[in-house]
Amino acid sequence: MITNTSLEYKGDTYPSRIVLVEQNVDSFYFHSENNVILKITVLRDSLIRFRYTTKGYFSTDFSYAIDKSHTHGYNFLEFQEFEQFYRITTSKVNCIIQKADLRVAILDKNNHLILEDELGFHWEESNEYGGNIVKMSKTSRDGECFYGLGDKATQMNLKGKRLENFATDQYAYQKDQEPLYKVVPFYIGLHNKQSYGIFFDNTFRTFFDFCHERRNVTSFWAEGGEMNYYFIYGPQMQDVVTTYTDLTGKPELPPLWALGYHQCKWSYFPESNLKEIVATFRELKIPCDAIYLDIDYMDGFRCFTWNKSHFPDPKRMVAELAEDGFKTIVIIDPGIKIDKEYAIYQEALAKDYFCKRADGPYMKGKVWPGECNFPDFTNPVVREWWATLFKELVSDFGVKGVWNDMNEPAVMEVPNKTFPMDVRHDYDGNPCSHRKAHNIYGTQMARATYHGVKRYAYPKRPFVITRSAFAGAQRYTSSWTGDNVATWEHLWLANIQVQRLSLSGMGFTGSDIGGFAEQPSGELYARWIQLGVFHPFCRTHSSGDHGHQEPWAFDEEVLNITRKFVNLRYQLLPYLYTMFWQYIKEGVPMLKPLVYFDQEDIQTHYRNDEFIFGNQIMVCPILEPNALGRRLYIPRGQWYNYWNNTAMTGGKELWIDTDFDQIPLFVKAGAIIPKYPVQQYVGELTFEELTLDVYFKNGKEKSVVYEDAQDGYDYKKGRFSLLSFQLTGKENELMIQQHKEGKFETSYKNYKINLIGLPFEVRSIEIDTVAVSLDADGYIQNGFLFVEKGFSVLHIKG
């Protein structure tokens with residue numbers, strides 16, 4: 001283990017003066033006198049890669065994080081030499097490279113400084129392992145703020161923090177504890193209303209220091225590998241996040257049921273217990289789409305087996321659950337029990353698929369089954385083999401999703417909780433030690449699992465969830481924040497962690513609602529449900545040692561609150577599905593911290609609690625006990641209180657009173673929010689109409705609604721429905737223009753329009769310039785406006 005994790009050290013070495021410059025189309029090579037090469041590649045006008053070597057040559061260029069299909073191309077590129085520096089110019093930025101020492105500065109087109117090296121690139125030789133500890137330091141300016149880095153258990157703004165990236169099984173972690181399960185070495189800087197991003201594509205243990213060690217210095221370093229990072233220019237945070245998400249990839253659309261409510265516990269067994277749980281959901285009318293089987297469904301915790309005493313006929317059971325609308329999700333861990341009678345073990349052993357120590361023997365570690373060997377998921381042959389193992393579970397038994405756990409990788413009863421660092425990996429033909437492969441092991445397991453589930457679920461869409469992840473894992477899997485605790489502090493953390501993951505490219509995430517470790521009070525569970533239904537992934541999960549956390553495990557009031565908010569989530573499914581479509585189409589995060597929503601308002605820079613759900617709903621959870629209200633900040637603009645439709649102007653902090661069965665929710669003026677009727681599971685009902693909540697605005701606002709068959713791949717052939725609504729409000733009239741794309745025809749024929757905040761009484765309506773008789777034709781019923789869905793212009797006048 002390297003004991004010096006400080007940025008500065010007397011043994012550090014720095015690049016010397018530039019002696020040679022070469023250009024190859026979009027790449028520039030700067031050679032220094034002491035054998036350092038800096039390669040700068042312009043990928044887009046606002047996306048530049050910096051890669052350093054101290055050897056005089058570059059090793060094979062390979063990355064698990066980068067999506068090979070990411071967008072390339074620039075509008076303008078110019079290279080110039082000056083007396084003391086070189087300059088690379090694109091249509092968005094100027095990049096300055098100092099001749100004396102390779103230090104870099106990046107300026108916008110008005111020559112305002114965005115980011116500059118302090119010491120810049122430097123390194124320290126690793127005496128224990130060979131290679132270098134590679135380091136980078138940047139000058140930070142007063143007032144600069146920092147965001148990102150995945151699900152760090154700390155406040156939203158990382159200024160003053162020092163953080164570590166090393167995927168770790170951190171059971172019952174606490175606030176500010178480091179490191180955690182995921183590694184996302186990407187951060188966003190914001191200064192003077194300009195945002196930029198840095199993605200440090202290095203899978204070794206990495207560190208980030210945001211002005212913690214030195215007041216005006218931000219630095220990042222790794223215990224090995226290359227100094228290889230991408231600079232992304234905004235200037236809007238939206239631009240930074242969408243470019244980063246495009247660079248590291250986006251998922252495919254999940255089946256709609258995966259956005260429903262999920263129920264999990266360690267563990268539901270035997271079958272009679274599981275059936276009692278699902279029956280109670282239906283009896284109490286609490287919608288639920290997925291039920292999870294934790295490790296006890298297996299035979300002695302052996303992966304891809306069933307405990308026949310607990311589940312004598314899995315195929316029948318899974319089919320019966322499906323008839324009642326429940327999709328079965330099963331857990332699969334990486335450890336394969338060392339057991340000569342176990343077919344999976346025998347096959348992997350015969351084909352030499354397990355990870356080995358440096359001096360030859362297989363890596364052996366204790367997990368749930370006892371002593372295990374571990375597949376090398378960095379080997380493409382092993383990943384393909386692993387994918388084939390899902391045939392029986394998915395194709396034969398009808399399991400709808402797979403949950404990968406313990407894949408940091410976690411090992412029990414050893415001090416470092418994981419593999420020895422000398423374990424060897426294939427790394428897709430770039431052999432390396434576990435020091436390099438550790439942080440991406442879980443992602444490669446999830447990748448192999450995804451390809452297996454996708455293959456055997458076809459023509460339906462796959463669902464995979466993983467605990468450990470590296471940047472880019474969102475291409476294959478959803479995730480959650482790991483083994484949290486049933487405390488108010490963890491409710492606060494869950495709110496921030498999921499926002500931060502959303503900013504960091506990993507949109508399909510949530511937390512264990514109610515807390516995994518320990519037992520929540522009814523009040524804490526209710527408040528967690530009220531937050532969790534606004535997370536893209538929504539699952540209650542708990543440890544069986546601490547009692548039950550089903551919604552009915554608490555009192556009647558908590559049960560009713562749970563039903564109310566889960567019902568609300570199911571009503572908002574078309575809104576949530578549209579959010580997801582925008583995420584995969586454009587890289588737009590589904591949850592938006594207030595600083596993302598309005599970076600020019602300095603009041604948003606230090607807000608933690610409030611967030612924008614999709615584009616037009618603001619959520620502010622109650623995070624303290626005995627609270628019937630809270631102070632919060634409403635962003636600039638016009639908003640409506642969701643519960644009473646009161647209009648208010650944002651840009652200010654205020655106190656909002658709430659009841660126990662509410663949290664503060666606000667809808668942006670001008671929004672058109674689509675809603676389905678409540679159903680107990682996705683696909684239970686065929687809808688006659690789509691409800692549209694229309695919030696009046698004096699001005700213009702655009703809303704979209706994306707729909708398709710809710711599963712399968714026909715949407716990729718154009719069979720989807722994308723409705724774009726343009727609302728224009730004036731003092732005495734409201735106009736809604738509608739445009740439809742796609743070939744999918746929805747089951748409903750009509751819109752049930754709920755007009756909210758109209759400043760006038762409706763006197764006349766025109767549909768596509770044709771006046772309609774309000775009473776005679778029954779357009780208005782019980783305060784709702786009913787119209788056929790196919791109109792182009794709906795004109796409402798006072």
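Taking a 6.0 Å sphere around CD of Glu276, one finds it holds 12 or fewer heavy atoms contributed by other residues, nucleotides or ligands. By the 6.0 Å contact criterion, NZ on Lys400 is open, its count of non-hydrogen atoms from other residues, nucleotides or ligands being 12 or less. By the neighbour-count criterion of 12 heavy atoms within 6.0 Å, atom CD of Glu624 is sparsely surrounded, having that number or fewer from other residues, nucleotides or ligands.
Just one of Tyr187, Phe186, Tyr147 meets the ring-ring contact (aromatic ring centres under 6.0 Å, His included) condition when paired with Tyr244; it is Phe186.
Ion pair Lys152/Asp176 not flagged as a salt bridge, since none of the NZ, NE, NH1 or NH2 atoms sits closer than 4.0 Å to an Asp/Glu carboxylate oxygen.
The cationic group of Lys250 does not satisfy the cation-pi geometry with Trp581, failing either the under 6.0 Å distance to the six-membered ring centre or the 45° limit from the ring axis.
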Requested in this report: Take Thr280 and Glu550, measure what side-chain hydrogen bond (donor to acceptor under 3.5 Å, both in side chains) needs, and give me the verdict at the end.
Outcome: CA-CA 10 Å; Thr280 308; Glu550 294 76 39; over 6 Å; no
Report task. Could you please spell out the steps behind the side-chain hydrogen bond (donor to acceptor under 3.5 Å, both in side chains) verdict for Gln177 and Gln170? Result -> CA-CA 9 Å; Gln177 187 163 353; Gln170 208 67 276; 3.2 Å; yes
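Using cut-offs of 30° and 60° on the angle between ring planes, the pair Phe534 and Phe613 is perpendicular. Note on ring orientation: taking the six-membered ring where Trp is involved, the planes of Phe537 and His262 are perpendicular (angle over 60°, cut-offs 30° and 60°). Ring pair Tyr525/Phe554 is parallel by interplanar angle, where below 30° counts as parallel and above 60° as perpendicular. In this pair, Phe508 and Phe580 present their aromatic rings perpendicular. The plane angle is above 60°, beyond the 30 to 60° band.
Side chains of Leu632 and Ile656 form a contact here, defined as non-hydrogen atoms less than 4.5 Å apart.
Taking the six-membered ring where the residue is Trp, the centroids of Phe281 and Trp552 are separated by under 6.0 Å. Taking the six-membered ring for Trp and the full ring otherwise, Tyr748 and Phe687 have centroids separated by 6.0 Å or more.
For Asp405 and Trp403, the side-chain atoms include no donor-acceptor pair closer than 3.5 Å. There is no side-chain donor-acceptor pair under 3.5 Å between Lys265 and Asn273. Checked by atom type, the side-chain pair Asp708/Tyr577 shows a donor-acceptor distance below 3.5 Å.
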